[in-house]
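The model shown is predicted, which means the values in this text are computed figures rather than measured ones. Whatever order the structure lists them in is the order used to number ligands and atoms, beginning at 1.
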Amino acid sequence: MALAKAWHHVWMRARTLLRATAAVGAAGLGYAAIVERNWFALRRYEIPILPAGAPSLRILHVSDVHLTPGRHRLLSWLRSLDATEPDLVVNTGDSIAHPDAVGPLLDALGPLLDRPGVFVYGSNDLYAPELKNPLRYLWRTSAADHHDDRPQLPWAELGDGMEAAGWLNLNNRRGRLKAGDLDIEVAGVHDSHINRDRYDEIAGAADPAADLRLGVLHSPEPAVLDRFAADGFNLLLAGHTHGGQVCIPGRGAIVTNCGIDRARASGLHRHPAQGDADRSWLHVSAGLGTSPYAPVRFGCRPEASLLTLVPGIS
Ligand SMILES: [Fe+2]
């Protein structure tokens with residue numbers, strides 16, 4: 001009788017613990033899916049990179065919007081970004097996640113499209129999202145799951161829309177533009193995550209006379225960053241990592257979904273990570289969205305970044 005009572009007591013304790021764990025899990029999931037996923041942040045950085053005496057330049061960096069037409073909070077936050085009055089807008093790809101997303105995206109970019117801009121594609125601009133086990137990122141990157149027979153998204157229409165507004169398409173291309181009062185050499189590659197990058201087609205030393213030499217890529221793959229840096233591109237902008245998307249508070253990203261180290265999964269860093277003082281600056285955006293099949297963010301708010309470039313070299 002005493003034994004049965006003891007077992008009953010243990011069972012009741014275990015059941016209470018299980019219920020509490022399930023409640024905490026459900027609350028965490030609800031927070032990640034509803035609250036944090038829509039808790040957009042504008043990150044601000046100052047980068048001492050311009051020649052002495054040059055006027056400052058404001059770059060708005062957006063990435064990984066992964067837009068589906070029903071994301072009204074995201075659309076309205078995007079629409080508000082023109083108030084940051086950037087001199088140049090850089091979109092590092094993965095903009096859409098639905099066949100009908102191009103129109104709403106271009107509409108939300110709105111007046112930003114009237115400003116100088118550049119863009120590259122990410123793999124998710126080309127292919128429709130697929131339902132996968134999100135935990136697989138813990139042991140391999142999504143490149144391992146890629147296959148070319150996935151349904152395509154209207155990436156050409158997306159690119160046409162941005163180019164029609166005057167933005168430069170930097171998918172394996174170089175160019176030159178004026179933003180603010182600065183002369184900027186730009187170069188970019190298509191997404192290395194699905195082997196679309198062709199750095200050899202854009203290789204060559206950047207013009208040291210340009211006020212800024214800007215390299216743009218979706219996936220911050222170290223081997224590609226090395227080539228931009230070796231060619232003298234002194235500011236490199238990338239996305240793709242989602243900053244880890246689900247992070248351990250105080251410890252950061254668990255995975256980056258590419259070759260970049262976890263310490264540089266998002267934010268402003270240098271490339272190479274160690275070495276001489278004249279290394280390139282690297283900004284990796286944690287991005288604004290998520291795959292519709294993994295609609296959660298934890299410890300890693302969705303973001304856009306306003307980079308203010310100021311004189312800092314002689
Ligand atoms: Fe993405």
> Does L88 belong to the same Ile/Leu/Val/Met/Phe/Trp/Tyr cluster as L81, with side-chain heavy atoms less than 4.5 Å apart forming each link?
Replying inline: no

>> Below 30° counts as parallel, above 60° as perpendicular, anything between as tilted: where do the rings of H240 and H193 land?
In response: tilted

>> With 2.8 Å as the threshold, which protein atoms of type N, O or S lie near the Fe ion (ligand 1)? Leave waters out.
In response: D64 OD2, H66 NE2, D94 OD2, H242 NE2

> Does a side-chain heavy-atom distance below 4.5 Å link F233 with E185?
Replying inline: yes

>> For Y121, is there any backbone N or O sitting under 3.5 Å from a side-chain donor or acceptor partner on D125?
In response: no

> Hey, would you say the F119 and W167 ring centroids sit under 6.0 Å apart?
Replying inline: no

> Which of these, H61, R43, H242, R297, sits in a side-chain hydrogen bond (donor to acceptor under 3.5 Å, both in side chains) with E303?
Replying inline: R43

